[in-house]
Protein chains: 2
Amino acid sequence: MQDNEKAGKFDFPRPLTTVDVVIFTIRGEALQVLLVQRPAAEGEPFPQTWALPGGFVDVAKDRDLEACAGRKLKDKTGVTSPYLEQLGSWGNAVRDPRGWSATHAYFALMADVPGAASLATDAQWFPIVGGKIRQKLAFDHGEILSAAIQRLRSKVEYTSLPAYLMPAEFTLPDLQRVYEIVLDRSLEKSAFRTRILAADLIEPIAKMRRGPNRPAQLYRLKKGKEPVYFVRTFNPPE
Amino acid sequence: MQDNEKAGKFDFPRPLTTVDVVIFTIRGEALQVLLVQRPAAEGEPFPQTWALPGGFVDVAKDRDLEACAGRKLKDKTGVTSPYLEQLGSWGNAVRDPRGWSATHAYFALMADVPGAASLATDAQWFPIVGGKIRQKLAFDHGEILSAAIQRLRSKVEYTSLPAYLMPAEFTLPDLQRVYEIVLDRSLEKSAFRTRILAADLIEPIAKMRRGPNRPAQLYRLKKGKEPVYFVRTFNPPE
DNA sequence: GCAATAGTGTCTTTCAGACACTATTAT
DNA sequence: ATAATAGTGTCTGAAAGACACTATTGC
């Protein structure tokens with residue numbers, strides 16, 4: 001190794017290094033994930049197949065892994081996510097036909113972008129039904145997506161993560177619905193409200209949401225709020 | 001990219017890919033972590049400095065990242081760990097003077113190896129005092145170690161992870177002591193016992209630990225037991 | 001007996017679950 | 001008034017916290 005060092009390089013083969021981002025949102029009463037279609041060019045692995053947004057780390061452009069993830073997210077959605085966390089890494093000899101590769105996977109939560117204006121043209125939202133997605137994904141992205149869904153669900157049991165899936169202003173029933181969508185089971189209203197309000201996570205604003213029924217108080221996330229960890233999970237199934 | 005593909009290579013520079021392992025054990029009533037001393041050879045970064053066991057992924061030897069972590073663990077301790085989980089990855093332009101590098105960090109839990117027989121000669125256990133370690137570590141390993149300690153502590157609040165720090169046979173007070181060492185606070189005996197026994201995690205064996213006092217029932221981990229997740233954390237501080 | 005630690009029991013507290021009840025809007 | 005949803009209150013039950021109490025050993 002010392003000799004390599006003196007020569008200013010390392011001769012052993014290096015794995016490919018990529019970053020992929022699992023981007024979740026809530027649209028149309030469903031949890032959805034953003035996928036991009038792989039290019040059709042010959043020589044590209046998995047042409048035309050849907051995949052997680054991601055790609056090679058650019059050692060010139062990317063200061064660090066998280067910046068790289070943020071860049072790919074911005075490229076595809078036009079926005080920066082209010083929540084970005086590392087999910088894990090997947091690396092082995094066979095996941096990419098181009099050689100030994102390791103990907104650093106992130107997962108991001110964002111409110112539904114109102115106009116699909118800023119979405120990249122090759123990107124599209126796909127609903128998650130029954131904890132799965134219909135499409136067969138490129139590489140091992142199906143596995144990565146499953147891990148992301150599992151992580152999201154398990155954290156939603158005892159954290160305030162769904163707050164990052166909400167638009168700037170929302171009601172408590174809105175928030176509860178999002179919890180229920182992600183967990184795929186209903187929660188008890190009264191316990192839910194007590195818990196969220198006790199968490200000092202959101203604050204009421206001087207506005208109500210009106211509808212064909214009793215108006216609901218609008219809230220916003222307290223600014224600079226880190227996710228809150230509850231000491232108990234929600235009523236665990238069975 | 002297609003052209004590169006045809007040429008059978010990718011011309012852009014690749015980051016260095018490494019794996020590091022944070023190995024914890026309990027020795028002498030303290031949580032300890034295994035460190036190795038970096039080689040003194042000229043050209044090696046951080047000569048003589050203590051670091052986490054780890055190193056480059058070997059695309060010829062390592063089937064995947066976890067196997068690589070397992071290999072490095074085995075090299076340094078002579079044993080395979082009963083618990084190995086991914087901790088996260090750290091990658092940026094400056095953490096390694098040799099260039100843009102990304103490390104995949106794992107954390108492992110093991111019982112204290114009775115004879116230090118099998119420890120590598122350059123490896124040594126270091127106690128963690130007050131959630132920190134005295135040594136200044138190589139690279140960003142101090143940061144990785146802090147993350148590992150934090151992850152361990154937070155998971156110990158609501159999981160059975162400490163079971164993997166125990167020898168094959170142990171008593172309930174032994175296990176409680178390990179929880180208390182990791183969390184650095186005392187737990188209430190009766191609630192602790194109820195909780196662990198209800199978790200169906202351990203089983204009594206036909207043997208007692210004798211001492212200058214009432215003998216204690218010995219238990220062992222039920223085999224094939226995944227870590228158990230409790231629905232509540234332990235009495236959270238304050 | 002005494003010291004020391006193992007292990008149990010009892011009462012209190014906390015908080016979620018269930019669910020009924022009240023409140024406020026549009027029509 | 002009615003439908004519909006927002007929001008509150010009340011009772012119960014599960015499990016932890018506090019802490020006292022009993023149990024079993026060596027000396």
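These numbers come from the heavy atoms of this one structure, side chains and all, not from hydrogens, waters or symmetry mates. Predicted, not measured: the structure shown is a model, and the values here were computed from it. Order of the sequence lines fixes the chain letters, A, B, ..., with proteins taken first and strands second; residue numbering starts at 1 for each chain.
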| field | Closest nucleotide among C:dA6, D:dG26, C:dT25 to the B:R210 side chain | value |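 Among the listed nucleotides, the one closest to the side chain of B:R210 is D:dG26.
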Without decimals, in angstroms, what is the distance between [X] [atom1] and [N] [atom2]?
X: A:K189; N: D:dT5; atom1: NZ; atom2: P; result: 11 Å
X: B:I196; N: C:dG7; atom1: CD1; atom2: P; result: 14 Å
X: B:E188; N: C:dG7; atom1: CD; atom2: C1'; result: 12 Å
X: A:F230; N: C:dA16; atom1: CZ; atom2: P; result: 9 Å
X: B:R209; N: D:dA23; atom1: CZ; atom2: C1'; result: 19 Å
X: A:R193; N: C:dC19; atom1: CZ; atom2: P; result: 19 Å
X: B:F192; N: C:dT8; atom1: CZ; atom2: C1'; result: 16 Å
X: B:R214; N: C:dA3; atom1: CZ; atom2: C1'; result: 15 Å

| said: Ignoring hydrogens and geometry beyond distance, is a side-chain donor-acceptor pair present between A:E85 and A:Y83 at under 3.5 Å? | reply: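 Yes, A:Y83 and A:E85 have a side-chain donor paired with an acceptor closer than 3.5 Å.
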| query | Reckon B:S190 touches a base, only the sugar-phosphate, or nothing at all at heavy-atom distances under 4.0 Å? | reply |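 Counting heavy atoms under 4.0 Å across all strands, the contact made by B:S190 includes a base.
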| request: Please work out if B:P212 contacts a base, only the sugar-phosphate, or nothing of the nucleic acid, heavy-atom cut-off 4.0 Å. | output: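 Contact class for B:P212: base.
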| task | Using the six-membered ring of A:F170, assess whether NZ or CZ of A:R177 lies under 6.0 Å from its centre and within 45 degrees of the ring axis. | result |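 Not satisfied by the 6.0 Å and 45° rule.
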| Is any side-chain nitrogen or oxygen of A:R177 closer than 4.0 Å to OP1 or OP2 of D:dA6? |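 So the side-chain polar atoms of A:R177 do come within 4.0 Å of the phosphate oxygens OP1 or OP2 of D:dA6, strictly under.
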| Does a salt bridge link A:R185 with A:E157, judged by any charged N lying under 4.0 Å from a carboxylate O? |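 Salt bridge present between A:R185 and A:E157.
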| message | Nearest 0.5 angstrom please: A:R27 CZ to A:I181 CD1, how far? | response |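 Answer rounded to 0.5 Å: 13.0 Å.
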| request: With DNA chain C as reference, determine whether A:R232 or B:T171 sits nearer its 5' end, using the nearest nucleotide of each. | output: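 Nearer the 5' end of the strand: B:T171.
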